[in-house]
J.: 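Here you go, one structure.
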Amino acid sequence: MVTETMQPITRRDLLALLGAGAAAALPAGPAWAQARGATLVIGIDISDTITLDPTRQAQYTPPMTLAATYDALMTLSPGDYVEPKPSLATSWARTPDGRGWRFTLREGVKFASGATMTAEDVQFTFQRLLAMKEQTQQYVKAVDRCEIVDARTIDLVMNDPAAPLLNILCAPTFGITEKALVTQHGGSMAADAKDTDKATDWLNQNSAGTGPYRLVRWERNQQIQLVRNPHHWRGAPAYERVVIRHFSDSAAQLLAIRRGDIQAAFNLIPEQIATLRDEPQVRAERLPSLDFVYMALTQNAEFNRALGQRECRQAIGHAIDYDGIVGSMLGGAALRPAHFLPIGVNGSTETVAREVGFKQDLEKAKRLLQEGGFAEGFEFEIAYGNAAVAGVSYQLLAQKIQADVARVGIRAKLAPMDQVNLRTTFTTGRSQGGVLTFWNPPAVENELWAAAVVERVARRVHWPVPPEMTALVKRAAEEPDKARAAALWVEWQRAMVAQANHFVLFQPIYQIAVRAAVKQFPLTAAGWQLEIGAVKPG
């Protein structure tokens, strides 16, 4: 039986709740105060959300929702991204033969439906993910299969036992799903699931997890609605409902946070954050992230003859004013790593970034153009989504890069597009020049960042990866000595900078405006931005 608190919000109630309806639509007196106090409303640009099926998810903002609706076997606590903590698994160890990992499952965990989680649910989750062969399967490509040992124990059997795994499993994309419910709506863990699984449409509007909240509605480019899971094994969360409300414009977010229509604003630019300093009802929560925003450049000479020359790509790298992006556009609220390893992980520090990474040098850029056979410059396209990230719009970033490269005779043609179209064009390798996009950690593990560069992202930019580069990533990922591993990761970053297919523009420091009515607002850099289930009112 569905209780009153598990019913979705009607459109009329939502308009009232968000302050967007007429006065007549508002509940009266204490009822209205109670409704507002029971609901957490978050303002953020969610235009990149194209699915809420954990197995198919590979975008920037959906992990926040997935972490609220699904629990994984393990998790990472905010501020500690090295040691996994128990979640649906209470302990783990190598299997007796050393070829995998054995997990002991927590007893008495219930899904939002009220059904008890079993080892079969865990097996179904992993076997479906492996069979679907989505991008998420690549994160655990070293896992061969999931086997049930007994009612409380499962094994993840690996084809590469030395490969890193534990931190990866903390990501919400590995949240455990209810087998019976997903199967009922077309889910499959059969070998042909890539072609036969039909559960995604249902999972885009519902969730089948054990998380603190349950998904009840998603309207693209409008909102995501969650309701409390009264069965959550950690105890019911503080808010009855959560509304993640889409804002493509930071000025609208600023107005909404000031009016109290939302309790948190994720996409304010530094100048807007600064205007809130004297407002007693709003504060800024800050946390260094492990995300970054970058530009990828194709080297397909059929798309752009100049970009087929490494020297011309390097010239772009030396023309960009990175300090101006971080200092002027982001108010200093960012770092900049050398390449696809964010500052803070093994082998990536600010010192390494200064020694290895690109820096603006206009004279060097001009020399490189001459060496590449394009002394008078060339034209190339920069594609980007109509969206904002970390408090700055992609359009402003594109305009900044356009102005920077023009100083050495390179002409950038701007090509804005819908986020979904951008991703489709980029991931299928059809981008004609540069692409401005983001990277957030699918999980906090160096191998995932680096492997993506020499596998998926390499194909997108038409880079035929030398075998020695793939081997270097494997050696670094499997090196048990942290100091030796760090040296290998520095070597890898140096090679990637020289290859000049990717330019990391900045690694943001989160600056989130939060209303004083919210007491605890635990941000995380683990890849899902916020622990929604742990947010508490004052």
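Since the model is a prediction, treat every value here as computed from it, not as a measurement.
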J.: Side chains of R245 and Q223 only: does a donor on one sit below 3.5 Å from an acceptor on the other?
T.: no

J.: Just verifying a value: how many Å separate Q529 CD and I42 CD1, rounded to the nearest 0.5 Å?
T.: 9.5 Å

J.: Look only at the side chain of Q123 and the backbone of E147, and say whether a donor-acceptor pair between them is shorter than 3.5 Å.
T.: no

J.: Counting only pairs under 3.5 Å, give me each side-chain donor-acceptor contact of residues 56-69, with atom names and distances, residues two or more places apart or in other chains.
T.:
| from | atom 1 | to | atom 2 | distance (Å) |
| --- | --- | --- | --- | --- |
| R56 | NE | T200 | OG1 | 2.6 |
| R56 | NH1 | E134 | OE2 | 2.5 |
| Q57 | OE1 | Q59 | N | 2.3 |
| Y60 | OH | D291 | OD2 | 2.8 |
| T61 | OG1 | D48 | OD1 | 2.5 |
| T61 | OG1 | T49 | OG1 | 3.3 |
| T69 | OG1 | T65 | O | 3.0 |
| T69 | OG1 | L66 | O | 3.4 |

J.: Does a salt bridge link E285 with R283, judged by any charged N lying under 4.0 Å from a carboxylate O?
T.: yes

J.: What's the shortest heavy-atom distance between L290 and I343, and which atoms?
T.: CD2-O, 3.9 Å

J.: Would you say that V473 contacts V453 through its side chain, given a criterion of any heavy-atom pair below 4.5 Å between the two side chains?
T.: no

J.: What residues, two or more places apart in sequence or in another chain, satisfy ring-ring contact (aromatic ring centres under 6.0 Å, His included) together with H231?
T.: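 Checked H231 against ring-ring contact (aromatic ring centres under 6.0 Å, His included); zero matches.
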
J.: For P237 and P212, which heavy atoms make the closest approach, and how far apart are they?
T.: CG-O, 3.2 Å

J.: How long is the straight-line distance from CG of D195 back to CG of D192, given to the nearest 0.5 Å?
T.: 6.5 Å

J.: Tell me whether Y322 contacts the main-chain N or O of R336 through its side chain, where contact means a donor paired with an acceptor under 3.5 Å.
T.: no

J.: Shortest non-hydrogen contact from A452 to W439?
T.: CB-CH2, 3.4 Å

J.: Side chains of S289 and Y510: does their closest heavy-atom pair fall under 4.5 Å?
T.: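 Contact flag for S289/Y510 side chains = yes.
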
J.: Any salt bridge (Lys or Arg N to Asp or Glu O under 4.0 Å) pairs touching residues 508-531, not counting sequence neighbours?
T.: none

J.: Check for a donor-acceptor pair, side chain of D45 on one end and backbone N or O of F266 on the other, with a separation under 3.5 Å.
T.: no

J.: Quick one: does any side-chain atom of R106 pair with a main-chain N or O of L73 as donor and acceptor, under 3.5 Å?
T.: no

J.: Can you confirm whether F103 sits close enough to M74 that some side-chain heavy atom of one is under 4.5 Å from a side-chain heavy atom of the other?
T.: yes

J.: Please find the pair of heavy atoms, one from A264 and one from I512, that lie closest to each other, and give the distance.
T.: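 Smallest interatomic distance, heavy atoms only, reads CB-CG2, 4.4 Å.
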
J.: Ion pair present between D160 and K474, side-chain N to carboxylate O less than 4.0 angstrom?
T.: yes

J.: Should the ring pair Y139 and F174 be called parallel, tilted or perpendicular, given that the plane angle runs from 0 to 90° and is split at 30 and 60?
T.: perpendicular

J.: When you measure from the side chain of D155 to the backbone N and O of G100, does any donor-acceptor pair fall under 3.5 Å?
T.: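 No, because the side chain of D155 does not come within donor-acceptor range (under 3.5 Å) of the backbone of G100.
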
J.: Return the orientation label for the H339 and W492 ring planes: parallel under 30°, perpendicular over 60°, tilted otherwise.
T.: perpendicular

J.: Donor-acceptor pair, distance only, cut-off 3.5 Å: does the side chain of N204 make one with the backbone of L52?
T.: yes

J.: Please name the pair of heavy atoms, one in Q127 and one in C146, separated by the smallest distance, quoted to 0.1 Å.
T.: OE1-N, 2.7 Å

J.: Tell me whether D121 contacts the main-chain N or O of E178 through its side chain, where contact means a donor paired with an acceptor under 3.5 Å.
T.: no

J.: Rounded to the nearest 0.5 Å, what separates atom CE in M496 from atom NE2 in H502?
T.: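 Going from CE on M496 over to NE2 on H502, the span is 8.5 Å.
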
J.: Specify the closest pair of heavy atoms between F426 and S431, including all atoms of both residues, with the distance to one decimal.
T.: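 Between these two residues, the closest heavy atoms are CA-OG, 3.3 Å.
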
J.: Less than 4.5 Å apart, side chain to side chain, heavy atoms only: is that true for T75 and W528?
T.: yes

J.: Roughly how far, to the nearest 0.5 Å, is the OG1 atom of T51 from the CG atom of L203?
T.: 7.5 Å

J.: Using only atom types and a distance under 3.5 Å, with no angle test, would you say the side chain of S348 pairs donor to acceptor with the backbone of L341?
T.: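 Pair found, side chain donor or acceptor close to backbone of L341.
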
J.: More than 12 heavy atoms of other residues, nucleotides or ligands under 6.0 Å from NZ of K482: yes or no?
T.: no

J.: Is there side-chain contact between W449 and V345, with at least one heavy-atom pair below 4.5 Å?
T.: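 Side-chain contact under 4.5 Å: yes.
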
J.: Rounded to the nearest 0.5 Å, what separation is found between the CZ atom of R228 and the OG1 atom of T39?
T.: 9.5 Å

J.: With side chains defined as the heavy atoms from C-beta onward, is the minimum distance between D53 and R128 less than 4.5 Å?
T.: yes

J.: Is any side-chain heavy atom of V504 less than 4.5 Å from a side-chain heavy atom of F340?
T.: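 Yes; the side chains approach each other to less than 4.5 Å.
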
J.: For Y239, is there any backbone N or O sitting under 3.5 Å from a side-chain donor or acceptor partner on Y213?
T.: yes

J.: Is it the case that more than 12 heavy atoms not belonging to E455 sit under 6.0 Å from its CD atom?
T.: yes

J.: Side chains of T177 and T125: donor-acceptor distance under 3.5 Å anywhere?
T.: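 T125 and T177 do have a side-chain donor-acceptor pair below 3.5 Å.
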
J.: With the side chain counted from C-beta on, respond yes when P161 and R94 share a heavy-atom pair under 4.5 Å apart, and no when they do not.
T.: yes

J.: Can you tell whether the side chains of D144 and R99 come within less than 4.0 Å, N to carboxylate O?
T.: no

J.: Does S47 offer a backbone N or O that forms a donor-acceptor pair with the side chain of Q419 under 3.5 Å?
T.: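 Not a single qualifying donor-acceptor pair exists.
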
